[in-house]
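Here is the structure we will look at, set down as C-alpha cells.
Heavy atoms only: backbone and side chains are in, while hydrogens, waters and symmetry mates are out.
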Amino acid sequence: MSDIGAPSRRPYRVGYAPGAYDLFHIGHLNILRHARSQCDYLVAGVVSDEMAELAKGRRPMIPLVERLEIVRSVKYVDAAFVETVPDKVETWKQVRFDVIFKGDDWRGTPKGDKLEKDFAAHGVDVVYFPYTVHTSSTQLRRALDALAEPAAGPGQVTGERR
C-alpha cells in the first residue's frame with residue numbers, strides 16, 4: 001500500500017535547520033534528526049564562511065564546501081542550502097519553509113525573540129530543540145587550540161624560542 005497522496009503525519013511540510021555545522025558532532029546530528037521528525041522535507045541551512053565569521057567573530061575550521069557535503073550526506077537532510085545573508089526572513093523568501101528549528105539556547109534571548117516576531121508575520125513557526133550542552137563546536141575548537149599550543153617546559157614561557 002502506498003502513502004502517495006496520503007496526508008502527512010508530521011506537523012510541518014518544509015522545515016529549515018540553519019547552522020554553521022563546523023566540526024560536525026552529535027549535537028548537530030541531534031538537531032537534524034529531531035527536525036526531520038517534525039517535517040516532511042528538511043532543508044539544512046549551512047552558513048557561509050563569511051556569515052559564520054560575521055556572527056561568531058571567526059571563520060569555521062572546516063571550509064564551506066566540506067561542511068555542505070557533510071550536512072548534505074546526513075540521511076535526515078533532504079536538501080542543503082548555503083546561507084549567505086544574516087536576515088533569516090531573506091533566506092525564507094528563497095527557501096519557503098513552514099518552520100525554522102533552533103537550539104533552545106536561543107529561547108528567551110533578544111535574537112530568539114526577534115526571530116519569533118519576524119517569522120510570526122509570515123506564518124512561520126520557530127521550534128526550539130534542546131541544546132547539546134556536553135558537546136559544541138566551540139568546545140571542540142578550544143580543545144584543538146589547546147593541543148596546538150606548545151607545552152611550556154620548566155623556566156620557559158609558552159611561545160618563547162631558545
Original post:
How about F101 and H34: do any of their side-chain heavy atoms sit closer than 4.5 Å?
Top reply: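 When only atoms from C-beta onward are counted, H34 and F101 do not touch, as no gap falls below 4.5 Å.
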Original post:
Any side-chain heavy atom of F129 within less than 4.5 Å of one from L32?
Top reply: no
Spatial distance of atom [atom1] ([X]) from atom [atom2] ([Y]) [nearest 0.5 Å]:
| X | Y | atom1 | atom2 | answer |
| --- | --- | --- | --- | --- |
| L68 | S48 | CG | OG | 11.0 Å |
| K102 | I100 | NZ | CD1 | 6.0 Å |
| D98 | Q38 | CG | CD | 12.5 Å |
| R36 | I31 | CZ | CD1 | 15.5 Å |

Contact summary for [X] and [Y], nearest pair of heavy atoms:
| X | Y | answer |
| --- | --- | --- |
| R10 | C39 | CD-O, 2.8 Å |
| E83 | G45 | OE1-CA, 4.4 Å |
| M61 | D22 | N-OD2, 2.8 Å |
| E50 | R59 | OE2-NH2, 3.7 Å |
| V89 | D87 | N-OD1, 2.9 Å |
| V43 | F81 | CG1-CB, 3.8 Å |

Can you give the donor-acceptor pairs under 3.5 Å from side chains of residues 113-128 to other protein atoms, not counting sequence neighbours?
from	atom 1	to	atom 2	distance (Å)
K114	NZ	D118	OD2	2.6
E116	OE2	Y128	OH	2.5
D125	OD2	Y12	OH	2.8

**OP:** Kindly determine whether I62 and F24 satisfy side-chain contact (heavy atoms from CB on, under 4.5 Å), including the steps that lead there.
**Re:** CA-CA 9 Å; I62 308 299; F24 196 89; over 6 Å; no
With hydrophobic residues grouped by side-chain heavy-atom distances under 4.5 Å, do [X] and [Y] end up in a single group?
| X | Y | answer |
| --- | --- | --- |
| Y76 | I26 | yes |
| F97 | V46 | no |
| V77 | V82 | yes |

Original post:
Do other residues, nucleotides or ligands put more than 12 heavy atoms under 6.0 Å from the CZ atom of R96?
Top reply: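 Atom CZ in R96 is packed in, count exceeds 12.
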Original post:
Between R67 and Y21, do the side chains contain an N or O donor and an N or O acceptor separated by less than 3.5 Å?
Top reply: no
Original post:
Within the distance-only criterion (no hydrogens, no angle test), does the side chain of D49 pair as donor or acceptor with the backbone N or O of L64 below 3.5 angstrom?
Top reply: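 Yes; judged by distance alone, with no hydrogens or angles, the pair exists.
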**OP:** Go through E69 and S73 one step at a time and tell me if the side-chain contact (heavy atoms from CB on, under 4.5 Å) criterion holds.
**Re:** CA-CA 6 Å; E69 185 62 26; S73 298; 3.6 Å; yes
**OP:** Start with the C-alpha distance between L29 and H25, add both sets of side-chain angles, then the distance that settles side-chain contact (heavy atoms from CB on, under 4.5 Å), and finish with yes or no.
**Re:** CA-CA 7 Å; L29 187 62; H25 56 75; over 6 Å; no
Subject >> ring-ring contact (aromatic ring centres under 6.0 Å, His included) partners of Y41, counting only residues at least two apart >> reply: none
